[in-house]
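Here is the structure we will look at.
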Amino acid sequence: MGLSGEDGALRGRTVAVPESRALDMFSDMIAAHGAEIIRCPLVRVRPLEDNKALDAWIGRLTAGGHDLLAFYTGEGVVRIVDRAEEIGAKDAVLEAFARLPKLVRGPKPLGALRKLGCGDWITKAGQPTTDGLIALIAGLEARGTIGFQVYPDAPEDRLADACRQHGFGYDPVTPYVYAADESDGAVVEVIRKMAAGEIDLIAFTSQSQVQRLIEVAERRGLRAELGKALASTRIAAVGPITEQAVVEAGGEVQIRPEVFHMKPLVAEMVQQMGAAP
């Protein structure tokens, strides 16, 4: 079933959309199939308040301190380059990005690097997960230090252990932070609507969205209600990392795409929800 034009496959369905950065695009993709959309952007990416650690990492990169680079997110690639431009180091960073071998967790950092003209010498993880990156590291011949772009709350202990185990140095950088987007009150309203059966589906596109639901529920004494909400609502997740967060929160993902992007996720929602009673 295609995604162009309104086909009414989701008419009569109410879908909660916790996406932030691509909220309009993702909501419109789902609404094109007739669904009613409840927008609840949960997490937003923001610049660092203190750039000292990022600037120091950029300095080590441009001075030849890394033998290999690893990237978790496309956002991380972009934020490093944006900061490098602010401090007059963009050309040197792009030269290093182009010259050094690179590991990427998934398609987004791969796409960001290619857009910058740094698409050579890239190896993508077999699965877009931390385990996928660790498997790549395990298969490499040790040679120096990995400059590792991570995200807030990344499992750095596991990454550091994997690097040490396989003979690499580990030099991480986190080039952005997560900030709560919607107020707690709006999140509470979505939890209660889910628990009451007023929302047919919630479509998660990152683990941080799930974590935000948990944080608000615990802060407001609604952990049991969140459990009921997750049990009462069909759940879609864009990929295995997001699905793992849902499972850890006590939910079960019924809708998952084979390709971890929004468009295939919507296609899977249409296929399953359009046929479901």
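Being a predicted model, the structure only gives us computed values, none of them experimental.
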Apply salt bridge (charged side-chain N to carboxylate O under 4.0 Å, His left out) to Arg212 and list each qualifying residue two or more places apart in sequence or on a separate chain.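 Counting only residues at least two positions away or on another chain, Arg212 forms a salt bridge (charged side-chain N to carboxylate O under 4.0 Å, His left out) with Asp184.
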Using the salt bridge (charged side-chain N to carboxylate O under 4.0 Å, His left out) criterion, which residues pair with Lys193? Sequence neighbours excluded.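 Checked Lys193 against salt bridge (charged side-chain N to carboxylate O under 4.0 Å, His left out); matches are Glu189.
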Side chain to side chain contact (heavy atoms under 4.5 Å, CB included) involving Arg256 - partner list, sequence neighbours excluded: Glu243, Val253
How would you list, by chain and number, every residue that makes a side chain to side chain contact (heavy atoms under 4.5 Å, CB included) with Asp91, sequence neighbours excluded?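 So Asp91 forms no side chain to side chain contact (heavy atoms under 4.5 Å, CB included) with any residue.
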How about Arg143: does its CZ atom have over 12 heavy atoms from other parts shown lying under 6.0 Å from it? yes
Rounded to the nearest 0.5 Å, what's the gap from [atom1] on [X] to [atom2] on [Y]? Could you check?
{"X": "Cys40", "Y": "Glu19", "atom1": "SG", "atom2": "CD", "answer": "12.0 Å"}
{"X": "Ile38", "Y": "Ile202", "atom1": "CD1", "atom2": "CD1", "answer": "9.5 Å"}
{"X": "Thr123", "Y": "Leu68", "atom1": "OG1", "atom2": "CG", "answer": "8.5 Å"}
{"X": "Phe26", "Y": "Lys263", "atom1": "CZ", "atom2": "NZ", "answer": "13.5 Å"}
{"X": "His33", "Y": "Met273", "atom1": "NE2", "atom2": "CE", "answer": "13.0 Å"}
{"X": "Leu61", "Y": "Leu69", "atom1": "CG", "atom2": "CG", "answer": "6.0 Å"}

Evaluation steps, side-chain hydrogen bond (donor to acceptor under 3.5 Å, both in side chains), between Gln211 and Glu215: CA-CA 6 Å; Gln211 291 164 353; Glu215 290 168 3; over 6 Å; no
Between the main-chain N or O of [Y] and the side-chain N or O of [X], is there a donor-acceptor pair closer than 3.5 Å?
{"X": "Gln149", "Y": "Gly147", "value": "no"}
{"X": "Lys228", "Y": "Arg192", "value": "no"}
{"X": "Lys102", "Y": "Phe97", "value": "yes"}
{"X": "Thr233", "Y": "Leu230", "value": "no"}

Excluding sequence neighbours, so at least two apart, what forms ring pair (Phe, Tyr, Trp, His ring centres under 6.0 Å) with Phe204? none
Of all residues at least two apart in sequence or in a different chain, which pass the ring pair (Phe, Tyr, Trp, His ring centres under 6.0 Å) check with Phe260? none
Is Asp161 salt-bridged to Arg164, cutoff N-O under 4.0 Å?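 So Asp161 pairs with Arg164 through a salt bridge.
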Is a salt bridge present between Glu86 and Arg83, judged by a nitrogen-to-oxygen distance below 4.0 Å?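 Arg83 and Glu86: salt-bridged.
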Given side chains that start at C-beta, do those of [X] and [Y] come closer than 4.5 Å, heavy atoms only?
{"X": "Met194", "Y": "Leu226", "value": "no"}
{"X": "Cys163", "Y": "Ile137", "value": "yes"}
{"X": "Val210", "Y": "Gln207", "value": "no"}
{"X": "Tyr151", "Y": "Thr174", "value": "no"}
{"X": "Cys118", "Y": "Leu94", "value": "yes"}
{"X": "Thr242", "Y": "Thr205", "value": "no"}
{"X": "Arg79", "Y": "Leu54", "value": "no"}

Taking a hydrophobic cluster as the set of Ile, Leu, Val, Met, Phe, Trp and Tyr residues connected by side-chain heavy atoms closer than 4.5 Å, whether directly or through intermediates, do [X] and [Y] fall within one such cluster?
{"X": "Val266", "Y": "Met25", "answer": "yes"}
{"X": "Ile134", "Y": "Leu103", "answer": "yes"}
{"X": "Ile214", "Y": "Val43", "answer": "yes"}
{"X": "Leu159", "Y": "Leu100", "answer": "no"}
{"X": "Val17", "Y": "Ile235", "answer": "no"}

With Thr14 as reference, evaluate Asp200, Leu201, Ile37 under the side chain to side chain contact (heavy atoms under 4.5 Å, CB included) test and give the passing residue.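 So, applying the side chain to side chain contact (heavy atoms under 4.5 Å, CB included) to Thr14 and each of Asp200, Leu201, Ile37, only Asp200 qualifies.
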Report the C-alpha distance between Thr73 and Tyr176 in whole Å, list the side-chain angles of each, state the deciding distance to 0.1 Å, and finish with yes or no for side-chain hydrogen bond (donor to acceptor under 3.5 Å, both in side chains). CA-CA 11 Å; Thr73 65; Tyr176 56 86; 3.1 Å; yes
Determine, using ring centers only, whether Phe148 and Phe168 are less than 6.0 Å apart. no
Look at the rings of Trp57 and His66 and say which category their plane angle falls in: under 30° parallel, 30 to 60° tilted, over 60° perpendicular.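 Tilted.
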